[in-house]
Amino acid sequence: MDAFTLQRPMGSTRQDGPGRRDAPRAADAAIPGQGASAAHVTAEEFSIYYGQNQAVKNVCIAIPTGQVTAIIGPSGCGKSTFLRAINRMNDLIPGCRAEGLLTLDGQDVYAPRLDVVALRTRVGMVFQRPNPFPKSIFDNVAYGPRLQGIRDRARLQGIVEHSLTAAALWDEVKDRLGDNAVGLSGGQQQRLCLARALAVEPEVILMDEPCSALDPRSTARIEDLIEELRGDYTIVIVTHNMQQAARVSDMTAFFYEGALIEFGSTRDVFTNPSEKRTEDYITGRFG
Amino acid sequence: MDMSSRKILDRGFTSLGIFSVVLMAVTLAVLLTPIIIRGAGAFVFRETVENRRFTFDVFGRGDEAALEVEVADAAKARKPVYDMVAEFRAEVGQMSGRRKRDMQGQLRTVENLLRELLGPFPGEPRPVMPRSRYGKPRWDRAEVALGRLLTVEDYDYSDPTQLGKKVLTPRVEKFRGTKLEELFDYLPAHAEAMLRPEWTLNWRFLTDEPVDANIFGGIWPALLGTIYLTVGAMLFAVPMGVVTAIYLVEYAGSSRIVSLLRTFVSTLAGVPSIVFGLFGLAFFLNTLFDLHLFNQVLGISRSKTVLAGSLTLALLVLPTIIRAAEEAIRAVPHSYKEAALSLGATRWRTVVTVILPASLPGILTGIIISMGRAAGETAPIIFTAAVALGKVPSLTELHQQPTPALPWNIYNLCSENQAIEEIRHVQYGMVLVLVGLVLLLNVAAILLRARISRKLRG
Amino acid sequence: MEVQSTTGSRVRRRAETKLCLSRRQSLVRGILGRLGHGLLFVMASSSLLAVLFIFAFIIRDAVPFFRLRGFSEFFTSPHWHPASADSPEFGALAILFDHALVTLCAAMFTVPLGIVAAVCLSDVLPFAIRQIVKPIIEILAAIPSVAFGFFALVILTPLFQNHGGNVLAGALWAVGIPVMLIVTWVLSDILSSKFKVGARKAARWTVAAVLAGIQVALLVYLGGKLSSLVIVSGTNALNVSLVLGIMALPTVVSVSEDALTAVGRELREGSYALGATRAETLVKVVMPAAGSGLFAAAILGIMRAFGETMVVWMAAGNSARIPSPWYNILQPVRTLTATIAGEMGETDQTYGAAHYHSLFAMALCLLIVSFLCNFAAEWFVRRTHKRMGKLAK
């Protein structure tokens, strides 16, 4: 967001709210056996309201650096809302406000003087439906770098090639970078959106059900990609598909009715859930 | 009511609806047909040798050698006419009394009608007005002039309860037994030889200057003036309109401001066009350009100028542009905006790099439609920009000079010109050009919109 | 946790860059942002400013007239002799009346026709034909008013002047015959249903014949009356009303079509499901539901005719008097708009000249009426949408 919106951060009521303690403590507590620097994104007593309705309820979570964290849960459980809070995309929704603490590298994301634009260049996002701009493939990927003032054609070309390669799309489109991106297939479009996000060189990539609009083959390719990106980026993925969560993620968080029910390593959550509701959900008893 | 009558009532209602739609289509056809057919007459017509002479003399176009041959041939065909008139003049000279005076009067009428048809008599001094320097430039007008020569039009007022009745008598009746009698047989038989009409496609009608109250030449100044005014109006209206639309969709925080602004937009759309004209006069000319800054420092004239006209027209089309742009911007998928923001674009950058390009076709449609509107409006420019005669100002004096413009010249030619009947074809031609211009713009807009909706459907 | 321990180190952290702006940066950005927002708002209020300025300047130049001449003469005297050197008169009653007359005539013609056509477009015609008709309406809306004026002056006027009676009679027949056929058809059916089943067919034909006979006789009588009419001046109120009606049609059609479409499928299907015919559905369900929208369409259409200048200036005859009798629309008239357009060029355009200001007084009348109409139309449109919104929920 730009300067025009900066004077109205959502979490203005939050300063004196509950749970405003030192951020790293939650991180230490949540991930056994990891150093303090391991937590990349942490939330503490974090809530989001749509008007009167509390969509995310007092969530405490520490998302580890360089790992894939899956957020699962039934529809309307607030998992997407929470995801979108991390790079403050919820600012776009009128009447939406946040309470509690959410930090990126220990810095409060909802601080009143926060530079939303800087935040979003560090936290990239891939959306549910592929949303390439109606521009050429090249211009789509170069969009972010250009925003940062990179004008040099050779350098842009380097970034575009690198990002497209990282998104496993380079070989398919290298001969038609000038074509309109809308002409690509759905799976290609989604990988292009990923490449576009990578070109900004973020640390965190948020994925909001990135495969829900794709066919199984494209889904597999995206999952392979996530596998390759693991370690280089902190990835948070919201998914409806339990198998997918089990396949791609290191950590899994289960949301239910806006609250975080369970958070732990994927293996634990799927094989030995500590909560009854998690078990019911995973075994398909509801949701 | 039983079932069948309900059904019949239903069919009756349906046919009433279809009748009204058909009526609308017929109305459009009735409206456009004469404009197209007779307007085409300004471009495609039978041109007489007089027009070719005029074109060569004034615009320097045409083949001189061929023209000379043609003029000589025409003069040969005309010679018997002048001989007959000369002989008759001598005959009249020998008459006496009342008959002499009567015949002199008749002769003068015939001579004048001949001058109208063929131009001045050989050996006469060159007249000042182009229209008396040359004969009829168009064959259709020549036929009318010939008809006036051959028949006398009179009104019979013998019955006082009725309007005067038109009575037509052959003119030859007045010259029975004189040497001029033959003339009235010679003229219709040799009219084509004297005037040598030829079919021609005169696209220069668009690009020629008018000469002598539009009897000769084309409509270039009016066309160019209209283009100036329209483009000028767009220069002011498009930025204001698009920015307003951006503000309404992307920035206006409370819906109360949006609805307030929208109310004013529709109010502006409802203001009668003549009121815009008066406002332009009272505000731009009599107030704003009367200020020292504008008048002395910037050198903007206080009387009618292209600038004042463009500004007034810009206000007139502003609502159209705002509405079209707002609709187009609202139609941009929300996901584009989200994508741009998630990549770290500021709100303004998002608007400029993603939203405006995506909504451009829709905005363009609105712009094209309002261009048509601005080109066709008359009332706002009457007091602010338009003059009936005169040159189009050059680009550097648009803020100092008024201009002719198509709509205003149409009004002028068909209600205040000295030779309304004589230049019907110019009037129709102008209307055709204006309507054609506006329709072309609208068809372009319709096609553009069709393309957009096809694209949106996938 | 083997997986986790092998990863988690390669992420390029940019923790050293502060996400938060310094107090100074934040202040600068805030001020810049507010400035930008303010600038946008000012540009976006251009339409608001334009409306306010138009009112302000028209009022500014209209007030001196009322100060010089008072109100009563302008609104009550029909004598308009503003250019008279010794005793100018500024009675605009005749002009106001003529303006109202022309507008009403145009409305009487355009509103019913436009609404029926809109109903036809939204519910009766197949999609393919609608796609053809819509551009026709758009083209009709796009034709410049001066072209309509030219049509009225150069084509309609001589037609009225030379063959006035016959033209009117022809128009009567053209409209009368289809209407007659429909009326005969429907009425004969309804009346014959009163008879016994066996005699119904015969009764139907008899009734139809009688009805047709009566109507043909009526048409012949009226047609004869009309064709013997002599129209003295081809430039008259009827001529311009007709053309104004045509000009206003596209507005009426498109706004009422919007209103009818807004009614939605559910209501229609509900009515059809109860066994209603299309006509019954439209007349009893759809049109009442779209009522305020149709009202708005009528108002907007009337406004288009009301504010038109060129047509009335060119073809209304420019005679500033009340027709005698007042309903005689075959006489030349003159409207406010034509007066302003025609006389502004001849006035002394200096502050304080009564004639100049009187024309602004007329413009003020135009402005106030169109402002009120516009407000009414907007109110009606909003009401339709609100109602439809509630229904949808």
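Everything numeric in this text was worked out from a predicted model, so none of it was measured.
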Between [Y] and [X], is there a side-chain heavy-atom distance shorter than 4.5 Å?
X       : Y       : answer
T337(C) : M362(C) : no
L281(B) : Y356(C) : yes
H99(C)  : F306(C) : yes
Y251(B) : F41(C)  : no
M287(C) : L260(C) : yes
M314(C) : F148(C) : no
R278(C) : Y272(C) : yes
F383(B) : I340(C) : yes

- Task: Show the numbers, then the answer: is there a ring pair (Phe, Tyr, Trp, His ring centres under 6.0 Å) between F360(C) and F57(C)?
- Result: CA-CA 9 Å; F360(C) 275 89; F57(C) 275 83; 9.6 Å; no

Top residue by heavy-atom pair count (under 4.5 Å) with chain C, among [options]?
options                            : value
L439(B), I369(B), L315(B)          : L439(B)
L406(B), L32(B), L434(B), T267(B)  : T267(B)
L441(B), I382(B), L432(B), L278(B) : L278(B)
S266(B), P34(B), G376(B)           : S266(B)
A445(B), C414(B), A375(B)          : C414(B)
R38(B), Q427(B), R424(B)           : Q427(B)

- Looking at A142(C), S145(C), A276(C), A147(C), which one has more heavy-atom pairs under 4.5 Å with chain B than the rest?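 Most pairs with chain B among the choices: A142(C).
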
What part of [X] is in contact with chain C, defined as an atom under 4.5 angstrom from a non-hydrogen atom: side chain, backbone, both or neither?
X       : result
V431(B) : side chain
T27(B)  : side chain
L318(B) : side chain
V22(B)  : neither
T263(B) : both
S259(B) : both
I322(B) : side chain
L260(B) : side chain
Y428(B) : both
L248(B) : neither
V438(B) : side chain
F19(B)  : side chain

Can you tell me which portion of [X] sits under 4.5 Å from chain B's heavy atoms? Options are side chain, backbone, both or neither.
X       : answer
I246(C) : side chain
V283(C) : side chain
F53(C)  : both
L125(C) : side chain
I155(C) : side chain
I139(C) : both
L48(C)  : both
L364(C) : neither
L113(C) : both
M303(C) : side chain
A377(C) : neither
V369(C) : neither
V51(C)  : both
L359(C) : backbone

- E327(B)/R323(B) ion pair, N-O < 4.0 Å: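 Not counted as a salt bridge, because no side-chain N and carboxylate O are separated by less than 4.0 Å.
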
Any donor-acceptor pair under 3.5 Å linking the side chain of [X] with the backbone of [Y]?
X       : Y       : answer
K304(B) : P402(B) : no
R130(C) : L121(C) : yes
N318(C) : W313(C) : yes
H357(C) : D61(C)  : yes
S122(C) : E257(C) : no
T309(C) : A379(B) : no

- Task: Just do the salt bridge (charged side-chain N to carboxylate O under 4.0 Å, His left out) check on E378(C) and R382(C) with the steps written out, would you?
- Result: CA-CA 6 Å; E378(C) 186 144 308; R382(C) 282 216 184 133; 3.3 Å; yes

- Should K134(C) and E138(C) be marked as a salt bridge (charged side-chain N to carboxylate O under 4.0 Å, His left out) after you check the CA-CA gap, both sets of side-chain angles, and the distance that decides it? CA-CA 6 Å; K134(C) 277 202 166 169; E138(C) 268 175 50; over 6 Å; no

- Does CZ belonging to F375(C) count more than 12 external heavy atoms closer than 6.0 Å?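 Incorrect, the count does not exceed 12.
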
